[in-house]
Amino acid sequence: MRIIDQLQEQNNRFDEAIESLTATKKSLQPKFLYDKYGSVLFEQITQLEEYYPTRTELSIMEGSLDEILRHISSRSTVIEFGSGASRKIRMLLESGMIDEYVPIDISKSFLMESSEQLSVDYPAIQVTGIVADYTNELNLPKELMDATKKKTVFFPGSTIGNFEKKEAHNFLSMIAALLSSGDGLLIGVDVKKAPRILHNAYNDKEGITAKFNLNLLTHLNRELGADFNLNQFEHYAFYNAELGRVEMHLVSMEEQVVTIGNKSILFNNHETIHTENSYKYSISEFQQLASSSGFVLEKTWTDPKELFSLHYLSVL
Ligand code: AVJ
């Protein structure tokens, strides 16, 4: 097991946060949700009754595992973007068909822990963890991208939904360009559905999603020495049917000034910080996006209620 840390070079990554917080419409990129505690809170979200994506994707994988593995084929390398707790990848690693696993995650401590455990549980598999922010430029070590080896990129959980449509196209095109002919992408995409189900999935009764969203401010207080008072902000999430996305915001519950370094940022009463978009796709919308980004559609799997979809795409 080895860990390659590409994030330490990106020492300006919080400059983006200050920039977007001082823009006319305040926002913060969802990657700032994932410090160590944020990753732990997200794992808790995946266990919630209201948050159907994770268990539905797992059930789809369980139901079609043999077929999925036939596409991935043997002695292959699997590169996973945003690896998190790796419950899904374990289903693939169990098959014994994968030689090398390359998890890529922005949370170093979370990645080291999960990579350590995986290399203990699967001693025959070479685990190379990469600490990186894949929404920014990504350069994977040459030896991992050897064209003679079959490679599959695994991008589960509908994290593709965090990208604006144009960015999603660019990101998929970047992956297609990284891969060689015959390689593939196994990607999970949340499907458009009744607004009430989507609303509930991001406004759980236990308030874990609210904690996850507010923890972003604790992350900035720690990393930037900011003085956000979490009691003066509130979680707010809703489904924007027109744009086909769930939006998460943090609402300023009074007029207040937050200091970050030498910057003072004024928040008007009820002004929001836009912290995440989670775009939802109909099956055909996503298939169009994938084929316009350099991929060939091989197979699409869904659950009986079409709550979630999993796609295997190949590169010509
Ligand atoms: C990890 C980005 C797929 O958008 O559903 C969960 C993150 N945000 N609850 C999603 C999330 C609020 C999740 N993704």
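If you're wondering where the values come from, they're calculated on a predicted model, not measured in any experiment. Just so you know, ligand 1 is whichever comes first in the structure, and atom 1 is the first atom listed for that ligand.
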Which value, rounded to the nearest 0.5 Å, describes the distance between F308 atom CZ and L310 atom CG? 7.5 Å
Would you mind listing which atoms of ligand 1 come within a distance below 4.0 Å of any non-hydrogen atom of F42? 1 (C), 6 (C), 7 (C), 13 (C)
Ion pair present between E80 and K88, side-chain N to carboxylate O less than 4.0 angstrom? no
Is any NZ, NE, NH1 or NH2 atom of the basic residue among E43 and R87 found under 4.0 Å from an Asp or Glu carboxylate oxygen of the other? yes
Could you tell me which atoms of ligand 1, counted from 1 in the order shown, lie closer than 4.0 angstrom to a heavy atom of N162? 2 (C)
Students often mix this up, so state it plainly: with edges at 30° and 60°, are the rings of Y236 and H249 parallel, tilted or perpendicular? tilted
Electrostatic pair E247:K25 at N-O distance under 4.0 angstrom: no
Please write down residue, atom name and distance for the protein heavy atom closest to atom 11 (C) of ligand 1. E276 OE1, 3.7 Å
With a cutoff of 4.0 Å, is G157 in contact with ligand 1, counting heavy atoms of the residue only? yes
Does some non-hydrogen atom of G161 fall short of 4.0 Å from ligand 1? no
ring-ring contact (aromatic ring centres under 6.0 Å, His included) evaluation trace for Y134 with F171: CA-CA 9 Å; Y134 57 73; F171 182 73; 5.7 Å; yes
Please write down residue, atom name and distance for the protein heavy atom closest to atom 13 (C) of ligand 1. Y51 OH, 3.3 Å
Y34 touching ligand 1 at heavy-atom level, < 4.0 angstrom: yes
Would you mind listing which atoms of ligand 1 come within a distance below 4.0 Å of any non-hydrogen atom of S158? 3 (C)
Among protein heavy atoms, which sits nearest to atom 4 (O) of ligand 1, and what does the distance come to when rounded to 0.1 Å? S278 OG, 2.8 Å
Is the gap between the ring centers of F267 and F233 under 6.0 Å? yes
Any nitrogen or oxygen of Y202, side chain or backbone, less than 3.5 Å from one on ligand 1? yes
